[in-house]
Amino acid sequence: MDCTVHVHVFLVIYLAALIGNLLIFMVIVFDHHLHTPMYFFLMNLSVIDLGSISVIVPKSMANSLMNTRSISYAGCVAQVFFLLFLLEADFSLLTIMAYDRYVAICQPLQYETIMNSRACIQMAAGAWISGILYTVLHTGNTFALSFCGGNMVDQFFCEIPQLLKLTCSDSYLSEAGVLAFSICLFLGCFIFIIVSYVQIFKSVLRIPSDQGRHKAFSTCLPHLIVVSLFFCISSFAYLKPTSSSPSALDLVMAVLYSVLPPIMNPIIYSMRNKEMKAALRRLTGCR
């Protein structure tokens with residue numbers, strides 16, 4: 001891709017993600033009507049999206065402007081650490097949001113008791129802390145490997161599958177345990193989300209009125225779309241066999257799982273959300 005085109009495309013993407021997620025954050029903070037568990041978790045998700053796209057896109061644009069692809073070893077470690085941390089916290093938060101929807105629809109009478117403010121803060125803190133613990137393990141193990149395949153990463157950021165291509169064949173095996181743990185962790189979260197939504201759909205279908213069913217589905221559908229998008233793209237990106245030479249598919253998949261979600265999440269969560277639209281109108285003074 002031409003450097004000028006690269007910079008302009010990534011600048012538009014970055015500004016769209018920045019504006020969209022900042023708007024969601026500000027609307028939720030300043031509108032007391034949205035001070036509920038669901039929007040509290042959505043606010044955390046916006047912070048994660050802002051962080052994840054800021055970790056990779058500005059550096060990529062700066063490299064394009066300076067016509068270089070270099071990054072320091074410390075910079076690469078930091079990029080891997082923060083991106084892994086934010087992606088893991090993202091998926092943990094999406095799992096918590098599935099539980100929030102399950103309690104709201106399947107146990108509505110106990111909702112305020114179960115999802116009280118203290119419980120919400122503890123769950124959100126758990127998502128952030130689990131992200132740190134997982135990332136320390138994975139990043140530490142990755143950069144403890146011996147790299148003997150050169151120092152050129154065939155990607156616009158330091159991506160673990162591309163880094164593993166540079167490791168010695170014997171040291172690569174030590175990463176297998178961490179990868180297996182990662183797969184089990186994410187698969188466990190995904191199964192929990194699927195089971196939660198099976199129960200949610202059963203409860204929704206028992207609601208007698210069409211309006212009630214539509215309202216319940218409208219609060220769940222955005223979250224389900226975001227989970228499916230995140231899980232499918234990231235799973236394919238990390239589980240597909242890595243090619244020995246750079247491929248367009250590797251670049252496309254990296255863009256899809258690292259850059260697309262921070263842009264799509266504000267659109268998905270606000271497009272079908274009447275409360276968010278009303279709050280945005282109140283914030284901006286529009287009628």
Side-chain angles (χ1 to χ4, degrees), residues 1-26 42 44-91 93-94 131 135 139 142 151-166 225-226 228-238 240 242-243 245-271:
M1 185 185 291
D2 181 76
C3 291
T4 306
V5 175
H6 179 142
V7 172
H8 282 95
V9 169
F10 269 45
L11 180 62
V12 170
I13 289 172
Y14 185 62
L15 289 177
L18 200 68
I19 293 169
N21 285 288
L22 276 175
L23 270 177
I24 285 182
F25 181 85
M26 291 172 62
L42 181 56
N44 277 265
L45 191 66
S46 295
V47 173
I48 290 172
D49 286 339
L50 282 170
S52 63
I53 199 166
S54 297
V55 167
I56 54 177
V57 171
K59 175 61 178 175
S60 179
M61 288 192 297
N63 278 358
S64 291
L65 287 172
M66 294 184 291
N67 197 26
T68 180
R69 295 181 63 189
S70 66
I71 185 170
S72 66
Y73 182 83
C76 186
V77 174
Q79 201 170 64
V80 168
F81 179 88
F82 285 110
L83 186 59
L84 273 179
F85 162 56
L86 292 164
L87 289 177
E88 201 285 330
D90 193 339
F91 202 56
L93 200 61
L94 290 174
T135 305
T139 306
T142 299
N151 59 356
M152 291 292 294
V153 179
D154 297 320
Q155 195 53 271
F156 65 94
F157 66 98
C158 285
E159 186 189 35
I160 285 185
Q162 298 300 326
L163 289 171
L164 294 180
K165 287 165 59 176
L166 307 179
I225 294 171
V226 168
S228 302
L229 182 72
F230 180 90
F231 186 82
C232 294
I233 295 175
S234 57
S235 296
F236 185 78
Y238 273 83
K240 71 177 180 62
T242 54
S243 55
S245 58
S247 69
L249 180 61
D250 291 334
L251 176 63
V252 169
M253 293 310 301
V255 169
L256 287 178
Y257 84 81
S258 63
V259 176
L260 187 63
I263 305 171
M264 294 303 298
N265 288 355
I267 297 171
I268 292 169
Y269 276 109
S270 60
M271 189 167 53

Enclosure of Phe25 CZ (heavy-atom neighbours >12, cutoff 6.0 Å):
no
Check whether any side-chain heavy atom of Leu45 sits under 4.5 Å from a side-chain heavy atom of Leu94, and report yes or no.
yes
Please set out all donor-acceptor pairs under 3.5 angstrom arising from side-chain atoms of residues 71-80, sequence neighbours excluded.
{"residue": "Ser72", "atom": "OG", "partner": "Gly75", "partner atom": "N", "Å": "2.9"}
{"residue": "Gln79", "atom": "OE1", "partner": "Cys158", "partner atom": "N", "Å": "2.8"}
{"residue": "Gln79", "atom": "NE2", "partner": "Val55", "partner atom": "O", "Å": "3.3"}

Distance, nearest 0.5 Å, that separates NE2 of His8 from CD1 of Ile13:
13.0 Å
Grab the two heavy atoms, one from Gly51 and one from Leu86, that are nearest each other, plus how far apart they are.
C-CD1, 3.3 Å
So which heavy atom on Phe81 is nearest to which on Thr135, and how close?
O-CG2, 2.9 Å
Exercise: identify the closest heavy-atom pair between Ser46 and Asn21
CA-OD1, 3.5 Å
Minimum heavy-atom distance Pro261-Asp49, with the two atoms named:
O-OD2, 4.3 Å
Taking the side chain as every heavy atom from C-beta outward, state whether Phe10 and Pro58 have any atom pair closer than 4.5 Å.
no
Side chain Asp90, main chain Ile48, donor-acceptor under 3.5 Å:
no
To the nearest 0.5 Å, atom CD1 of Ile53 lies from atom CG of Leu83 at 11.0 Å
If you measure from CD1 on Ile24 to CD1 on Ile19, what distance do you get to the nearest 0.5 Å?
12.5 Å
Look at the side chain of Ser60 and the backbone N and O of Ile56, then say whether any donor-acceptor pair between them is shorter than 3.5 Å.
no
